[in-house]
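Each remark here refers to the structure printed beneath this line.
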Amino acid sequence: MEQTCQVCTAALLEDPGVTAQACPACLAKLQQALATLPTLYVQLHTELPNNARGRPNTARTAHLPWKYRPTPSPLRMPLLIHAEHTVHTVRRWALQALPASLPTTPVRPGHLLQNLCKALAQELPNCVRPPTQPREPQAVWDAYLRALHLLDLTEQPQRLAMPCPACDLRSLHRDATGTTCYSCQAFYPAISDRHSNGPTTKPLTRCASTRRQPHRVT
């Protein structure tokens, strides 16, 4: 039976010694999402949606103790709802892939998300093997992209003038998630910079690329 990547659904090369179900490019994307989601979770709790940037930010009371914080503005509800959805999405993945990583006592959602993202990132690609359902890694990636959109961190892919280090063709396009070669599908993940408002792109080097073809996972 042909195996497919759990994220992009592309066919994987048959390899009896490999049971992971994700291509190298999608593994790099999942690593990027898990590294960035805790920061995006905080931003979802402290920012206004992108359609209200010009209005006063009513979330400046985020530094106050929880019991003294006012009722959230209706403008912020989509962000807060997605922040909660992100925690539940990562938890569902961890429940299937790493059940031992789930705490036995109540933990604040932000700390839970941070700990689960760290645990899942350390165990990739083992976390995209059966019995993990294919929809769980994809759901985490979708939650990551949705958070970028809500925080107005997405942008149209920008074509780069430099050639791709993997295939030497000028087919590189960069967006908030990283840089992708539209020719050979090499992917260069973005990295989080704590001094910036969003992810930045790693320097493009041959050793940093992860091709989608052929889809042989390690």
Side-chain angles (χ1 to χ4, degrees), residues 2-13 15 18 20-41 43-44 47 50 53 82 86 89-90 93 117-118 120-122 124-125 127-128 134-218:
E2 185 182 55
Q3 291 187 343
T4 59
C5 174
Q6 290 192 359
V7 180
C8 68
T9 68
L12 300 173
L13 291 180
D15 190 338
V18 177
Q21 289 185 256
C23 63
C26 288
L27 285 176
K29 289 184 175 183
L30 288 173
Q31 194 82 36
Q32 163 65 22
L34 293 171
T36 312
L37 275 175
T39 300
L40 296 179
Y41 175 85
Q43 290 180 269
L44 288 169
E47 295 288 335
N50 54 21
R53 292 297 181 186
H82 185 68
T86 298
T89 302
V90 173
W93 185 11
C117 284
K118 182 178 180 180
L120 288 167
Q122 290 176 343
L124 284 178
C127 295
V128 287
R135 63 179 179 272
E136 303 303 343
Q138 176 64 59
V140 171
W141 177 249
D142 291 342
Y144 167 69
L145 295 180
R146 177 63 177 165
L148 292 178
H149 174 73
L150 288 172
L151 294 168
D152 202 19
L153 297 177
T154 56
E155 58 184 11
Q156 291 295 325
Q158 175 187 2
R159 184 172 184 178
L160 304 181
M162 65 181 297
C164 173
C167 66
D168 294 325
L169 296 178
R170 298 182 183 274
S171 302
L172 292 175
H173 291 73
R174 181 172 59 195
D175 58 21
T177 65
T179 301
T180 304
C181 176
Y182 284 10
S183 177
C184 70
Q185 297 301 309
F187 177 69
Y188 307 85
I191 57 176
S192 296
D193 184 354
R194 64 179 180 178
H195 300 294
S196 68
N197 293 327
T200 56
T201 306
K202 285 184 178 180
L204 302 185
T205 59
R206 289 185 180 274
C207 62
S209 66
T210 53
R211 292 185 180 223
R212 288 189 179 176
Q213 295 291 341
H215 293 309
R216 185 181 299 277
V217 295
T218 57

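Position 1 is the first residue of the sequence; numbering continues from there. Note: hydrogens, waters and symmetry copies are ignored here, and every other heavy atom, side chains too, is used.
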*Can you list the steps and then say if Q138 with R135 is a side chain to side chain contact (heavy atoms under 4.5 Å, CB included)?*
CA-CA 5 Å; Q138 176 64 59; R135 63 179 179 272; 5.6 Å; no
_CA sep, side-chain torsions, deciding dist, call: C167, C181, side chain to side chain contact (heavy atoms under 4.5 Å, CB included)_ = CA-CA 9 Å; C167 66; C181 176; 3.7 Å; yes
_For a side chain to side chain contact (heavy atoms under 4.5 Å, CB included) check, start with the C-alpha distance between L37 and Y41, then their side-chain angles and the critical distance, and finish with the verdict._
CA-CA 6 Å; L37 275 175; Y41 175 85; over 6 Å; no
_CA sep, side-chain torsions, deciding dist, call: T86, L40, side chain to side chain contact (heavy atoms under 4.5 Å, CB included)_ = CA-CA 10 Å; T86 298; L40 296 179; over 6 Å; no
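Summarising the geometry, atom OG1 belonging to T179 is positioned 13.5 Å from atom CZ belonging to R159; distances are rounded to the nearest 0.5 Å. We find the CG-OH distance between L169 and Y182 to be 15.0 Å, quoted to the nearest 0.5 Å. We find the SG-CG distance between C117 and L30 to be 11.0 Å, quoted to the nearest 0.5 Å. Atoms CG and CD, from D152 and E47 in turn, are 10.0 Å apart once rounded to the nearest 0.5 Å. If you take NZ on K29 and OG1 on T180, they are separated by 5.0 Å, rounding to the nearest 0.5 Å.
With sequence neighbours excluded, the residues forming a side-chain contact (heavy atoms from CB on, under 4.5 Å) with Q122 are K118, listed by chain and number. Not counting sequence neighbours, the partners of T89 by the side-chain hydrogen bond (donor to acceptor under 3.5 Å, both in side chains) test are H85.
Remark: side-chain polar atoms of R170 are paired, donor with acceptor, to backbone N or O of A161 under 3.5 angstrom. One N or O on the side chain of W93 and one on the backbone of C127 form a donor-acceptor pair closer than 3.5 Å.
With respect to P137, the side chain to side chain contact (heavy atoms under 4.5 Å, CB included) criterion is satisfied by exactly one of V128, L34, L27, D142: V128.
The shortest side-chain heavy-atom distance between S183 and C164 does not fall under the 4.5 Å cut-off.
Closest heavy-atom contact between A166 and Y188: N-OH, 3.7 Å.
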